[in-house]
Each structure stands twice: as structure tokens, then as C-alpha cells.
Amino acid sequence: MASFDPSEHPHRRRNALTGEWVLVSPHRADRPWQGQTEDPPPDERPMYDPDCYLCPGNDRAGDATNPEYTDTFVFTNDFSALTLDTPEGTGRPDDDGADDLFQAESERGICRVICYTPRHDVTLAEMPAADVRPVVDLWSEEYDSLGAHEHIHHVQIFENKGQMMGCSNPHPHGQIWAQESIPNEPRKETARQAEHYDRHGRTLLTDYLDAELEKGVRVVCKNDAFVALVPFWAVWPYETLVVSRRPVPSVSALTDAERDDLARLLQRLTTKYDNLFNTSFPYSAGLHQAPTDGQEHPEWHFHMHFYPPLLRSATVKKFMVGYEMLGTPQRDFPPETSAERLRALSDTHYRAD
Ligand code: H2U
Ligand code: ZN
């Protein structure tokens with residue numbers, strides 16, 4: 001029998017950030033790569049849409065009206081999933097007798113919406129990096145101000161992009177859910193990062209990034225302060241991880257120059273994404289930063305995750321179903337192949353003149 005070759009044989013890989021496993025079945029990807037086949041209809045949008053609840057000067061739910069903002073704009077979500085005036089409690093009668101089987105706790109929080117730009121017709125990929133920079137600054141301000149609140153122990157900044165990801169409005173925007181407890185994913189990452197830091201005195205992502213830069217096979221693009229790569233344990237076909245070279249706990253610890261580099265890298269990465277299938281690439285993406293729970297978090301290393309659903313074309317997505325829902329996430333072509341494809345794509349947007 002031939003010896004094990006991870007580029008050919010089924011295997012599992014461990015996500016060092018969460019401790020969870022992904023199944024990789026490279027042999028199933030032997031089908032030749034056909035590249036883009038069908039282009040979706042062009043997505044032509046006006047610069048201003050009088051019916052968009054995020055455009056400047058327009059009305060939102062309730063009595064709110066957006067200001068005539070000129071770069072970014074943030075407001076408290078009119079349909080917040082979490083509020084600060086939620087009463088404390090467990091909602092259980094005292095004589096329940098089965099505490100561990102029926103655990104519940106009230107949860108306080110704040111939900112915000114961030115508009116990246118007054119322009120209705122662009123995305124991060126089509127914004128000049130100089131216009132992405134104010135978005136980075138707003139992330140930093142919101143992380144600091146929300147995190148300073150006594151009941152806010154975690155600030156999740158994210159973006160759902162595209163109808164495929166359930167986004168309700170194409171106006172470029174993200175959301176923030178800031179809350180009392182640490183959500184599942186950052187909780188797992190806190191544990192793994194703390195374990196590594198305690199053992200080695202360096203952040204997990206410092207060591208991981210050093211190794212990835214040395215190997216090079218999974219790196220997509222990089223600049224002085226940031227690297228985008230397809231992680232060794234990527235589950236989604238074109239999943240990426242954006243890591244700061246310097247081990248900082250949050251975006252607010254970045255220098256001026258590092259913030260510029262983050263803006264530039266995000267603009268490049270999202271452009272490559274759009275160029276992959278000549279479409280405005282859908283994804284869920286977000287920042288992972290140190291909890292704001294009043295503890296020191298030297299183990300925490302700021303990063304962003306991009307989870308795009310597309311697999312084969314602008315319309316063919318990967319489904320996380322069946323074995324993946326019941327067992328473990330699985331992928332066919334390996335992360336190294338995704339990185340190679342993304343790396344080879346142009347940094348110039350396919351819609352640019
Ligand atoms: P998506 O990012 O999933 O499209 O959500 C946009 C958010 O905007 C959504 O959470 C909020 C919704 O509650 N929203 C307002 O706050 N005010 C409005 O007038 C409409 C939508
Ligand atoms: Zn993370």
C-alpha cells in the first residue's frame with residue numbers, strides 16, 4: 001500500500017484555534033477544475049436609492065432618519081436582538097429540580113449597524129483603500145466604547161454580504177452584537193489561545209503565522225502589517241483568515257500605519273474574491289478580538305475570518321448538510337488549492353475600467 005499523501009488521501013485536520021476537526025477528501029476533487037462557467041446578471045445599483053433604509057437622509061423603521069453622512073455611519077439596530085434593559089434572571093421556578101437540563105440565563109447587550117460609506121452601489125472590494133480606512137477606525141471606536149460598558153464582555157463585529165448569506169440590503173454595511181457572555185466561537189478560541197500562550201509565551205497566531213509564511217503554500221496576499229491566508233483547517237472552500245503580524249489583542253491596538261495596511265489588505269482580498277467567479281462574492285466575515293470582560297488577555301491575537309459559501313461558480317455553493325451537520329465539516333479540494341487559486345487572481349477588480 002502506498003504511503004499517506006495528504007494531497008491525495010482522505011484525512012482530518014485540526015483547527016488550532018478551536019480544537020475542532022475538519023475532514024478533507026482531496027481524491028474527490030480529481031474532477032478537473034472548470035473555472036467560471038456562467039456569469040450572473042450584472043448587479044447595477046444606483047449611487048443613491050431613495051428606498052434604502054441605510055442611504056443618507058432616508059427614513060428607517062420607527063421615527064429615525066439617517067443623517068447626511070459622508071463616510072461611515074453607525075446607529076443602534078432598530079430591531080436589536082439584545083437590549084441593555086433586559087432583567088436579570090434564569091426564568092426557572094426554584095423547585096425545578098433539574099438545573100443542568102434546563103439552563104437559561106438572561107442576556108443583556110447592544111446591537112448596532114455600521115454603514116461603510118454613503119454610496120449604495122459599492123462594496124469593500126470596490127471602495128478605494130482610503131475609504132475602507134474609516135471603517136477600520138469605526139470598528140476600533142465601537143470596540144472600545146461598547147467594550148467599556150460594565151455589562152458588555154464581548155463585542156462581535158461582522159458583516160453578512162449577499163442575499164445568499166441572508167443579507168437584507170445591498171448597501172455596504174456590517175453589524176455589531178455586543179453582549180454579556182462570550183459567544184461559542186470566541187470562547188473556544190480563548191481557551192486554545194490561552195493554552196498556547198501559557199505553554200510558549202507567544203500567541204498561537206504568532207507561531208502559526210511564522211510557520212505559514214515559511215511554507216507559503218496557503219498565503220493569499222500580504223503587506224507589512226497583515227497576512228491573508230487559507231487556514232490549514234479551512235472548512236469553507238475559500239475560507240480565509242486575516243492575521244496581524246504584530247500580536248495585538250484588538251483592532252484598537254493597531255497603529256496608524258497598521259490600520260492603513262488592514263484597509264489595503266481587505267480591499268485586495270475582497271477584490272480577489274470578486275474576481276474568482278466574476279461576481280460580488282457573498283460571505284460572512286468578522287473580527288475576533290479579546291473579550292472586554294475586564295481581564296487581561298495577552299493570549300488574544302486579533303484576526304478576521306471570512307466564510308464564503310461559494311464552491312464552483314457564482315451560483316453553486318457548498319452545503320453544510322448531512323454528515324457535516326451530524327458529524328464533522330468536510331471539504332473536497334484542499335485549502336492549498338484554494339490558496340493557489342486566490343493568489344493567482346488579479347488585484348484589479350473585474351468591474352474596474
Ligand atoms: P443585514 O446585515 O442582515 O442585512 O441586517 C441589517 C440590519 O438592519 C438588521 O439587523 C436592521 C435590521 O434589524 N434594520 C434597522 O435597524 N432599521 C431599519 O429601518 C431596517 C433594518
Ligand atoms: Zn477567530
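Model, not experiment: these values are computed from the prediction. Side chains are part of it too, since the values below use all heavy atoms of this structure and drop only hydrogens, waters and symmetry mates. Atoms within each ligand, like the ligands themselves, are counted from 1 in listed order.
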J.: Would you check if there is a donor-acceptor pair between the side chains of Glu107 and Ser181 at a distance under 3.5 Å?
T.: yes
J.: Before accepting this row, confirm whether a basic side-chain N of the pair Asp347/Arg264 lies closer than 4.0 Å to the acidic partner's carboxylate O.
T.: no
J.: In terms of ring plane angle, is the pair His303 and His305 parallel, tilted or perpendicular, where the classes change at 30° and 60°?
T.: perpendicular
J.: Could you tell me if Tyr53 and Ser168 have a donor-acceptor pair between their side chains, going purely by distance under 3.5 Å?
T.: yes
J.: So for ligand 1, is Gln175 a polar contact partner (N or O within less than 3.5 Å, distance only)?
T.: yes
J.: Any idea which heavy atoms bring Ser280 and Thr123 closest together, and the distance?
T.: OG-CG2, 3.8 Å
J.: Please work out whether the ring planes of Tyr273 and Tyr283 are parallel, tilted or perpendicular, with thresholds of 30° and 60°.
T.: tilted
J.: Within the 4.0 Å heavy-atom shell around Cys167, which atoms of ligand 1 are there?
T.: 4 (O)
J.: When only distance counts, is Ala61 in polar contact with ligand 1, meaning an N/O pair under 3.5 Å?
T.: yes
J.: Give the atom numbers and elements of ligand 1 that come within less than 4.0 Å of a heavy atom of His173.
T.: 1 (P), 2 (O), 4 (O), 5 (O), 6 (C)
J.: Just jot down the ligand 1 atoms closer than 4.0 angstrom to any heavy atom of Ser168, in number order.
T.: 1 (P), 4 (O), 5 (O), 6 (C)
J.: Which heavy atom of the protein is the closest neighbour of atom 11 (C) of ligand 1, given with residue, atom name and distance?
T.: Asn77 OD1, 3.4 Å
J.: Relative to the heavy atoms of Phe75, which atoms of ligand 1 are at a distance of less than 4.0 Å?
T.: 16 (O)
J.: Within a distance under 4.0 Å of any heavy atom of Arg60, pick out the atoms of ligand 1 and give their elements.
T.: 19 (O)
J.: Tell me: protein heavy atom nearest atom 18 (C) of ligand 1, and distance?
T.: Asp78 OD2, 3.6 Å
J.: Could you tell me whether Glu195 atom CD has more than 12 heavy atoms of other residues or ligands within 6.0 Å of it?
T.: yes
